[in-house]
Number of protein chains: 2
Amino acid sequence: MESEKRSAPKELSERKKQILKAIIEAHIELGEPVGSKYLTSNKHIACSSATIRNEMAELESMGYLEQPHTSAGRVPSEAGYRLYIDSLIDSYRLTEREIEELRTNLRKKQAELDGILDTAIRLASSMTDYTALAAKPRKVRVTVSHFDIIRTDERSMILVMLIGGIVKTRQIRSRVPIAEEASSKLETLLNRKLSGLTAAEITMPLMMEMERDMGAEDYLVEPVVKGICETISAFDGGELRFDGIDRLLSYPEVYGGERLRDMLTLFERKQDLLDVFSETEMQTGDDGAVKIYIGRENLVKTMDNSTLVYKPIKRGDLLVGAIGVIGPTRMNYSRVIAMIDHLSRGVSNLIEDGDERSD
Amino acid sequence: MESEKRSAPKELSERKKQILKAIIEAHIELGEPVGSKYLTSNKHIACSSATIRNEMAELESMGYLEQPHTSAGRVPSEAGYRLYIDSLIDSYRLTEREIEELRTNLRKKQAELDGILDTAIRLASSMTDYTALAAKPRKVRVTVSHFDIIRTDERSMILVMLIGGIVKTRQIRSRVPIAEEASSKLETLLNRKLSGLTAAEITMPLMMEMERDMGAEDYLVEPVVKGICETISAFDGGELRFDGIDRLLSYPEVYGGERLRDMLTLFERKQDLLDVFSETEMQTGDDGAVKIYIGRENLVKTMDNSTLVYKPIKRGDLLVGAIGVIGPTRMNYSRVIAMIDHLSRGVSNLIEDGDERSD
DNA sequence: AGTTAGCACTCAGACATTTCAAGTGCTAAA
DNA sequence: TTTAGCACTTGAAATGTCTGAGTGCTAACT
């Protein structure tokens, strides 16, 4: 009997590894528990079903396999998947076609970060067949580094703000005409007084001071500064986009009934998922590798039977977001990993240098 | 027998109307077919269940009611709902609380149109308990009305474009430093040559002409113009946002199993829904009333058993989008209509005058 | 020792059958 | 014209049966 004896990964014989790998890959392919007989006939393993049964029993007691019920085949456990990903998996080479498809599509709508991310998740979802998601992390200290004012006509102007490399704009209208000089005066004033300040650091005395400086056009200050504060506050960054939610339905064994509901709610609430991205990644100055969270490893209980594969997106050394894929634990890991890796890299390059560049 | 005798709405007796109304409201409330007995005991109708049965049989032959199967209660048909909405419904007064909640929440994140729409759908969804959606219509002729260039540092600038009242920006980097004069020269050149042109109207000869005009810095022209074209093309407008997809699951009778899949696919594909918004509304210079599409009335077959309630959003006379709610045909119409009406109005006001204003 | 063949056992899922309750249509009485 | 009563219909739920896939174990085999 021996009861349970976990955490002895070194002692896996070569044949056990081979069997485990075969089981996992068969299960990823079929989505059903896989039995000993299937293995002998479809995967080339040089022993009989009985032997495999023995090995499977051992693998189960080691915690790498599970049995849904007594007379069913085996299913990989989370530990099994983890082992598989860490040491058994064959790395997937994207084909020329795939790379080309990624590249051309990614270029299509590269106007702004949002646009890029949107196309990226669309791509990720359509090419992996899982639900894709992208996050912009919550920023710690949000400040405007540069202000600019554009007069569009007599009584309206556009305030352009550069926040951490992202451009935000805001319309300003006035009931009375605004003089050319007034707007440029306001612009320099904003740059001098407000650049580098967080919303919390913009105080009433500061605003009153600015009103004094503006002289005749002091009435402009209040609405503009208010607007700036709002924009800064609104720019918490924390945003999450999805594509291909309907693909969850391709895996009814996992996302049938209640589960689906949980998942949709998770997507809608966004907060939990944002936390995963933010807490795990953004703070630790980790290297930018592809991260994989399997089932319980996720902090969010809803994702017990799901896997999250994602990779951060950087602009220089700055972390601006992350892109990934979420799906059932039985996921085509090698392909997804390669895909996300490539995509994230592509997006990073795109925002790195806005102008043309080939790879 | 008399067989079927439709389209005789005038001949509805007062009692029939009362019964139909009661049935519809009961069905909206309970979600199940409603029987004669239920009506006599729970709604105050001054006759017995047998009488009601007779009336129901007639209403059914007129096409206002349907019977899922022989021994079930009655369910309103689409024609029934239509009649109800057009002439039977009591209009819903939003409570002070509700109005206040809408107002304060709507103000929160009003930095840009996108932001406003996002909060608006979030609000719509949470306050109606249905899935909310907002669309930005496909623009017919997309042109840039004003260009502006901001130098952020020596070798990078931001190109600001005003497209139909919406601001779009784009980063431009250069490997060699750009002189102050060069950027302002480029700016005036862009405004003179490209404002008012669609992407298709920007031709090669035109670009070459601009390169001549730019003189020494002609290398800037190509990437910038290319970027402008991309931005214009990308700005087809057509965009669709959702909130509260998970609320579909509150109506499992309608969105159970296959149906849910269809619905999610519909949401993901976006195109069909965008068409509904665009074709129906954007072209006909219709008045800005709340529109209601019930079941088959929708062009999209997936929405057979759903209702779409929406209202356009205007900026002045310009149509900039629409906001609405989608849900099961058995929807709390009066409340939803009032809500969407108010919300759309609120959003319109917000973008009308960017600065402060109370209602 | 490790491997294989054979056999009894288990159990979820599919299918058939029964039961139940809700709601109707119709008829006859008020 | 309305109402009470009753026979009838029918989907949904409950129950029972059957089957096949897959296991664990034992005994023979290399």
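Please read all numbers here as calculations on a predicted model, not as lab measurements. Reminder, nothing fancy here: chain letters follow the sequence lines and each chain counts from 1.
- Judged purely by atom type and a 3.5 angstrom limit, Asn298(A) uses its side chain to pair as donor or acceptor with the backbone of Gly295(A).
- Residues Val75(B) and Pro68(B) are in side-chain contact: their nearest non-hydrogen atoms beyond the backbone lie under 4.5 Å apart.
- Comparing dT24(C), dG24(D), dT4(C) by their closest approach to the side chain of Arg53(A) singles out dG24(D).
- For the atom pair OH (Tyr81(A)) and CD1 (Ile24(A)), the distance works out to 6.5 Å, reported to the nearest 0.5 Å.
- Side chain to side chain, Thr307(A) and Tyr333(A) meet the donor-acceptor criterion of an N or O pair below 3.5 Å.
- The listed nucleotides are dT2(D), dG25(C), dT4(C); the one nearest the side chain of Cys47(A) is dT4(C).
- Ser49(B) comes within 4.0 angstrom of no nucleic acid atom, judged by non-hydrogen atoms across all strands.
- For Glu32(A) and dA21(D), the CD to C1' distance is 11 Å, given to the nearest whole Å.
- The nearest whole Å value for the distance from the CG atom in Leu65(A) to the P atom in dG24(D) is 11 Å.
- Candidate nucleotides dG25(C), dT4(C), dA4(D) were compared by shortest atom distance to the side chain of Ser48(B), and dA4(D) ranks first.
- Close to dT3(D), at under 4.0 Å from its OP1 or OP2, lies a side-chain N or O of Thr51(B).
- Remark: Lys37(B) NZ is loosely packed, at most 12 non-hydrogen atoms of other residues, nucleotides or ligands lying under 6.0 Å away.
- The shortest distance between side-chain heavy atoms of Thr128(B) and Arg247(B) does not fall below 4.5 Å.
- Whole-Å rounding puts the Glu66(A) CD to dG22(D) P distance at 18 Å.
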Let me have a per-nucleotide readout for nucleotides 7-17 of chain D, 5' to 3', with B, S or -, counting only protein heavy atoms under 4.0 Å.
--BBS------
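- With a 4.5 Å cut-off on side-chain heavy atoms, Lys16(B) and Leu20(B) do not count as touching.
- Distances were taken from every side-chain heavy atom of Met56(B) (C-beta onward) to each of dT23(D), dT24(C), dT3(D); the shortest belongs to dT24(C).
- The CG-P distance, from Asn42(A) to dG22(D), rounds to 11 Å in whole Å.
- Contacts of Ala50(B) with the nucleic acid, taken as non-hydrogen atoms under 4.0 Å apart, include base atoms.
- Rounded to 10°, the angle separating the first-five-pair axis and the last-five-pair axis of the helix from dG2(C)-dC29(D) to dA30(C)-dT1(D) equals 10°.
- Ile52(B) has its CD1 atom 15 Å from the C1' atom of dT1(D), to the nearest Å.
- Taking the six-membered ring for Trp and thresholds of 30 and 60 degrees, Tyr293(A) and Tyr310(A) have nearly parallel ring planes, at less than 30 degrees apart.
- Glu60(A) has its CD atom 13 Å from the C1' atom of dG22(D), to the nearest Å.
- As a whole-Å value, the separation of Ile45(B) CD1 from dT3(D) C1' is 16 Å.
- For His69(A), the NE2 atom is densely surrounded, since the number of other residues' heavy atoms within 6.0 Å is greater than 12.
- With no hydrogens or angles considered, no side-chain donor-acceptor pair links Asn54(B) and Glu58(B) at under 3.5 Å.
- When the nucleotides dG25(C), dT3(D), dT4(C) are ranked by their closest atom to the side chain of Arg74(B), dG25(C) comes out on top.
- Put simply, CG on Leu39(A) is 16 Å from P on dA21(D), counting in whole angstrom units.
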